[in-house]
Amino acid sequence: MSTPYPFTAVVGQADLRLALLLNAVSPAVGGVLVRGEKGTAKSTAVRALSTLLPQVDVVPGCRFSCAPAAPDPACPDGPHEPGPGSARPARMVELPVGASEDRLVGALDIERALAEGVKAFEPGLLADAHRGILYVDEVNLLHDHLIDLLLDAAAMGASYVEREGVSVRHAARFLLVGTMNPEEGELRPQLLDRFGLTVEVAASREPAQRVEVVRRRLAYEDDPAGFAGRWAGDENEVRARVVAARALLPQVVLGDTALLQIAATCAGFEVDGMRADIVMARTATALAAWAGRTSVRKEDVRQAALLALPHRRRRNPFDAPGLDEDMLDRILDQFPDEEPEPDPEPDQNPDPDADPDSEGPDDNGGGPDGGGGVPPQSGGPQGSDAPADSTDTGGPTEAPGETPSDAPESPQPSAQEAGGPEQAAVRAAEPFRTKMLSVPGLGEGAAGRRSRARTAHGRTTGAQRPRGHLTKLHLMATVHAAAPHQRARGRDGRGLVIRKDDLRQATREGREGNLVLFLVDASGSMAARQRMSAVKGAVLSLLLDAYQRRDKVGLITFRGATAELALPPTSSVDAAAARLEQLPTGGRTPLAAGLLKAHEVLRIERLRDPSRRPLLVVVTDGRATSAGTAAGRTDSTPRELAGRSARLLQAGGVASVVVDCESGPVRLGLAGVLAADLGGPAVTLDGLRADSLAGLVKNVRTAVTSDSNRRAA
């Protein structure tokens with residue numbers, strides 16, 4: 001086994017190290033989620049933590065790590081006789097993103113089942129992680145079915161396995177640690193709330209600190225054992241401090257004042273549920289024990305809030321997690337601390353302003369923050385290196401000379417449609433939650449969270465004879481296929497006689513990510529400020545949905561005489577949101593050019609990634625006042641050209657949705673005509689909201705299915 005990088009040798013990242021150590025002191029805190037860009041020592045710090053955890057006593061030979069003093073009465077390896085235990089280091093178990101369900105929860109021991117004819121349970125990673133650490137790198141990319149299993153185990157402290165004739169329950173209490181890069185997608189809210197603490201990490205912009213990172217890393221790679229030896233003293237000091245804090249933890253008193261501060265903070269930041277209050281209380285208690293105190297102070301509550309609340313507070317989409325520290329201080333100042341009791345020992349912490357990243361281990365003081373004590377309280381998860389939250393979510397304001405939002409629309413082309421001047425971009429209205437749009441049928445694309453698909457991981461839906469190499473054995477189907485032939489094959493022992501023709505492949509169904517291509521009308525008819533603000537808010541809401549479902553997105557805009565690919569298909573939804581905010585309006589409406597541009601983009605993407613199915617979202621009022629240079633035809637009206645272009649997309653099997661932006665007392669219904677040409681439904685801006693979108697997915701499926709049946713006939 002390779003020598004791990006020393007925990008105390010990690011440069012900077014005081015909040016990350018503190019959050020990990022608090023969980024080592026009190027596993028009841030509930031784990032840590034580490035968010036940040038790549039190359040910021042996230043995985044290094046997590047893997048190094050396992051060497052600082054105290055050893056655990058286990059029942060000898062128990063595969064489920066039962067404690068000798070209180071063994072699990074339902075342990076599959078039990079019942080255990082009273083007796084001395086054996087000490088071993090706490091385990092850190094890594095859950096790969098591509099792990100199977102069998103590997104996570106365990107399954108029937110296939111080798112013994114086939115060879116001996118007995119049902120024996122083979123434990124999974126949840127059993128290995130009991131009383132230790134379960135680490136998930138890139139946790140936001142974990143498959144949904146594995147996330148559901150993790151949620152169940154984290155909530156109940158046990159794993160229940162009911163499959164393939166096996167019924168097993170075993171304890172599964174572990175410290176859940178996850179790392180993720182937010183650019184690759186967000187976590188489901190249910191799993192996000194299961195992490196007790198969250199930390200935002202970023203690479204230092206200080207040249208001296210970056211030099212120290214490189215120097216230490218190169219020294220470690222040249223001589224891992226020698227480098228670890230130079231930091232052994234600091235590691236032992238922190239390890240001893242964790243043990244002392246664990247022993248002191250039951251004596252820490254959480255007073256009424258601290259409880260009021262916790263409750264007021266959670267209420268002030270409008271967090272949902274009561275889990276935040278409980279996690280803050282446990283974190284503040286652990287902070288006091290880590291500092292060697294038996295009473296919780298206001299600074300403990302403040303630090304606990306900075307670690308436990310950022311991922312739970314209500315915030316706008318695409319905003320980075322964080323807390324308004326000025327608001328936090330105002331809330332806490334309403335409840336002054338009671339007179340603190342004297343500490344049992346003199347404070348051994350050195351000056352918190354001392355340099356935490358000196359070159360040698362002797363200057364590091366042994367503490368995870370470079371000073372041997374709690375990091376400065378002013379840092380928090382959103383310290384000076386974190387980007388400020390400057391998103392303006394206020395409503396749009398009218399500018400002089402712009403069309404009032406309540407003015408009726410004229411069916412005749414306006415001056416702007418005839419080629420008026422370009423108008424400045426307006427900000428998007430407040431985003432809202434949308435229900436899921438999905439592509440009909442069963443795909444085979446990249447793993448995601450939108451449309452139904454055949455996947456390597458997911459819910460088992462049946463079995464079939466393997467086509468080529470066998471990858472996922474369906475055990476019960478294989479046994480059933482072989483059972484009738486055992487006498488004819490001369491079975492003389494307890495094992496089954498299996499032949500190649502008996503093998504059955506499991507068929508599984510999950511979810512795939514799609515290519516969601518937005519085609520946005522930016523012409524003069526959309527230029528009323530309030531109207532375009534609402535349109536951008538709707539598109540931003542759909543972008544947020546795509547962000548959470550791991551889709552690729554693209555953005556095409558059309559106005560004047562051309563259509564422009566504002567954002568080629570990409571997985572960076574943040575880039576699409578930024579382009580949307582900068583979108584200007586004005587000019588005529590080349591609808592046909594926009595549709596042809598969408599057809600061309602989808603054709604190229606189909607060649608690049610044929611398994612990823614597209615969903616076209618057209619945001620327009622349906623008017624067509626210009627053929628556009630991309631249409632290439634001048635012998636037809638703009639409306640006729642738009643219809644032909646739409647039918648071309650429909651013939652290609654592209655699932656489409658038209659978002660009707662027409663408003664005012666005079667309505668032409670042109671968006672509905674466009675939707676019919678595309679073979680998809682039309683929905684108003686208000687209809688995009690979650691409470692109004694119930695029938696939209698059904699309409700998409702019905703429209704595309706009907707069109708497919710019509711073409712087949």
Side-chain angles (χ1 to χ4, degrees), residues 19-20 22-33 46 49-50 53-59 62-80 85 88-95 99 101-107 121-136 139 142 145-163 166-178 187-198 246 249-250 273-283 285-286 308 312:
L20 291 172
L22 291 178
N23 277 273
V25 171
S26 175
V29 167
V32 186
L33 174 65
V46 173
L49 175 68
S50 61
L53 295 181
Q55 290 190 328
V56 294
D57 290 329
V58 298
V59 174
C62 179
R63 298 173 298 167
F64 301 88
S65 302
C66 283
D72 182 7
C75 177
D77 286 354
H80 299 297
R88 64 161 175 80
R91 292 172 179 163
M92 193 197 72
V93 178
E94 294 195 40
L95 173 60
E101 186 175 333
D102 293 346
R103 187 70 187 98
L104 178 62
V105 302
F121 181 69
E122 183 178 4
L125 296 178
L126 290 180
D128 293 341
H130 179 48
R131 303 177 67 197
I133 302 174
L134 181 62
Y135 172 47
V136 188
V139 63
L142 200 63
H145 68 289
L146 298 183
I147 289 178
D148 293 336
L149 294 171
L150 275 182
L151 287 174
D152 291 340
M156 297 182 292
S159 175
Y160 293 83
V161 183
E162 299 282 351
R163 56 190 306 167
V166 175
S167 178
V168 173
R169 177 258 180 215
H170 65 83
R173 291 182 294 274
F174 47 82
L175 172 58
L176 181 61
V177 180
L187 277 175
R188 282 171 53 182
Q190 295 93 329
L191 182 58
L192 188 64
D193 191 50
R194 289 295 177 185
F195 287 98
L197 310 180
T198 186
R246 279 193 173 189
L249 186 65
M274 294 299 298
R275 184 173 284 117
D277 302 64
I278 297 172
V279 171
M280 273 191 65
R282 290 170 174 167
T283 305
T285 304
R312 291 185 169 93

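Residue numbers start at 1 and run along the sequence shown. Because only heavy atoms are used, hydrogens play no part in the values below, and waters and symmetry mates are left out as well, while side chains stay in.
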Stepwise side chain to side chain contact (heavy atoms under 4.5 Å, CB included) test for V58 and V56: CA-CA 6 Å; V58 298; V56 294; 4.1 Å; yes
Measuring from atom [atom1] of [X] to atom [atom2] of [Y], what distance do you get when rounded to the nearest 0.5 angstrom?
X    : Y    : atom1 : atom2 : answer
R63  : C75  : CZ    : SG    : 8.0 Å
I133 : R91  : CD1   : CZ    : 13.0 Å
C66  : D57  : SG    : CG    : 13.0 Å
R173 : R131 : CZ    : CZ    : 8.5 Å
R103 : L146 : CZ    : CG    : 12.0 Å
D77  : C62  : CG    : SG    : 5.0 Å

Less than 3.5 Å apart, any donor N or O on the side chain of R88 or S65 sitting next to an acceptor on the other? yes
Flag the pair [X] / [Y] as yes when at least one side-chain heavy-atom distance between them is below 4.5 Å, and no otherwise.
X    : Y    : answer
M92  : L49  : no
L126 : L104 : yes
L95  : L142 : yes
F195 : L176 : yes
P89  : S50  : no
R275 : R312 : yes
T283 : V279 : yes
V177 : L175 : yes

Check [X] against [Y] and note the closest heavy-atom contact, atom names and distance.
X    : Y    : value
Y160 : A158 : CE1-CB, 4.0 Å
P71  : A69  : CD-C, 3.7 Å
P123 : F64  : CG-CZ, 3.7 Å

Hey, mind stepping through L249 and T285 against side chain to side chain contact (heavy atoms under 4.5 Å, CB included) and telling me if it holds? CA-CA 7 Å; L249 186 65; T285 304; 3.6 Å; yes
Of H170, H80, R169, the residue whose pairing with D72 passes side-chain hydrogen bond (donor to acceptor under 3.5 Å, both in side chains): R169
Indicate yes or no for a side-chain donor-acceptor contact from N23 to the backbone of G31 under 3.5 Å, with no hydrogens or angles considered. yes
